[in-house]
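Order of listing sets the numbers, starting from 1, for every ligand and every atom in it.
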Amino acid sequence: MVMHLMQLPREVLLGEDLKGEVPRVAQRLGLGENVLLLYGPKTRKIAGEGVEKRLNESFEVESLIIRAPTMDEVERTIDVAKAGETNWLIAVGGGSIIDVAKLASYRLGVPFISFPTTASHDGIASANASIRDLGAKTSIKALPPVAVIADVNVIKTAPYRYLAAGVGDMISNLTAVKDWQLAHRLKGEYYSEYAASLSLMSAKMVMKNADIIRLGNEESVRKVVKGLISSGVAMSIAGSSRPASGAEHLFSHALDMIAPKPALHGEQCGVGTILMAYLHGLKWNHIRETLKKVGAPTNAYELGIEPEYIIEALRVAHTIRPGRYTILGKEGITREAAEKAARITGVI
Ligand SMILES: [Zn+2]
């Protein structure tokens with residue numbers, strides 16, 4: 001018998017001033033007495049201290065400042081959690097902090113709550129952790145958060161650039177699903193129509209709501225957060241990152257490795273989506289217009305990356321994750337084809 005396991009967050013809260021809700025959520029879910037709180041040097045001040053204060057009223061709280069999404073930090077977290085007999089973790093921060101908590105909690109076998117301070121990528125609700133190990137960033141399978149608490153007031157204080165990056169990460173779903181269908185047809189890979197539909201819906205919703213998102217107000221944050229959570233849920237339904245990660249993500253990972261100064265994950269994925277949409281024969285212009293409208297980068301110059309690295313990333317993207325079949329094929333594309341795609345789409 002083939003069994004398909006779907007693990008999803010049990011509670012998703014989206015609203016204003018939710019720091020005080022954290023203890024209530026933990027109590028409802030019966031998470032236990034000892035909590036380890038992770039935040040970054042900045043997110044500590046933005047929301048971490050507030051959450052800590054509320055938690056201190058009813059829990060035994062230990063806290064840890066996380067500096068980078070590295071394996072070392074994951075191990076340090078595990079050590080502290082073991083010493084403190086931690087029952088659950090909570091991450092107050094952007095991608096890095098959430099990723100460290102996600103992997104550490106998975107290895108420890110305890111639940112974690114995601115309290116995002118930015119809406120820049122769909123990792124806030126997904127099961128995959130992006131961790132740097134031995135210099136390279138890899139996506140490691142873990143478990144989704146038991147709860148996501150998205151405080152609109154907190155997320156709104158992050159620079160607008162992060163919200164626009166979140167749009168880029170969601171628009172990726174358009175080409176990711178195309179790649180997934182290709183792998184299904186050519187390689188017989190498992191495909192879930194439900195997961196694909198949900199993933200496409202979040203991408204289409206942000207495209208439809210681009211005018212609201214560009215305002216950068218509370219409603220904009222709500223639109224982006226909802227989409228990112230749906231994206232995370234789509235991945236949980238699929239049991240893999242397939243619905244939200246295709247060749248455009250491989251391109252972004254390649255840039256992370258070769259560009260001297262990479263841009264934000266969602267920014268690179270957005271530009272990658274323009275390129276992959278062109279290769280797929282999709283309406284790449286429409287994607288570019290949406291990104292432009294929300295103020296996300298659409299070319300090398302806006303990413304702050306030299307054109308040479310864009311071409312190189314396109315050329316090597318297929319080697320990043322050989323098991324993930326995409327429009328780039330097994331052999332990748334030639335330098336000439338890469339340059340042509342980048343020129344036609346105005347990326348370089
Ligand atoms: Zn992503």
Side-chain angles (χ1 to χ4, degrees), residues 69 91 93-100 102-103 114 116 118-132 136-142 144-145 148 150 155 158 161-180 195-196 198-207 224-257 259 262-277 287 290-291 294 296-297 303 313 317 320-321 324 326-328:
S96 310
I97 318 290
I98 289 171
D99 283 338
V100 168
K102 198 183 282 177
L103 191 57
S114 166
T118 63
S120 59
H121 65 96
D122 55 26
I124 58 175
S126 79
N128 297 308
S130 178
I131 299 289
R132 211 160 51 220
K137 244 189 184 179
T138 42
S139 175
I140 303 168
K141 222 178 141 125
V148 182
I155 296 170
R161 183 186 171 193
Y162 289 90
L163 204 62
V167 172
D169 202 22
M170 259 181 289
I171 238 170
S172 296
N173 297 8
L174 296 172
T175 45
V177 167
K178 278 284 164 196
D179 282 331
W180 195 14
L198 181 59
S199 168
L200 287 178
M201 191 183 71
S202 354
K204 285 174 187 161
M205 288 292 280
V206 287
M207 293 182 88
V224 175
V225 168
K226 278 184 196 167
L228 292 173
I229 290 170
S230 303
S231 247
V233 169
M235 290 189 265
S236 288
I237 292 175
S240 84
S241 61
R242 262 297 190 187
S245 170
E248 74 299 319
H249 269 67
L250 299 178
F251 166 76
S252 170
H253 296 319
L255 282 178
D256 284 339
M257 284 164 62
L264 293 176
H265 169 81
E267 293 175 334
Q268 295 182 162
C269 288
V271 172
T273 306
I274 299 173
L275 292 162
M276 302 312 159
I287 291 163
T290 303
L291 290 172
V294 300
L303 283 175
I320 301 283
R321 195 172 170 184
R324 178 140 297 188
T326 70
I327 190 69
L328 300 171

*Among Thr175, Asn173, Thr326, find the one that has a side chain to side chain donor-acceptor pair (under 3.5 Å) with Glu248.*
Thr175
*Asn128 side-chain N/O to Ser139 backbone N/O, donor-acceptor pair under 3.5 Å*: no
*Within the stated cut-off of 2.8 Å, is an N/O/S atom of Asp122 closer than that to the Zn ion (ligand 1)?*
no
_Any donor-acceptor N/O pair, Lys141 side chain to Ser240 backbone, under 3.5 Å_ = no
*Does Cys269 put an N, O or S atom under 2.8 Å from the Zn ion (ligand 1)?*
no
*Are any of the side-chain heavy atoms of His265 and Ser252 separated by less than 4.5 Å?*
yes
*Considering just N/O/S atoms, say which atom of Asp169 is closest to the Zn ion (ligand 1).*
OD1
*Closer than 2.8 Å to the Zn ion (ligand 1), do we get an N, O or S atom from His121, backbone or side chain?*
no
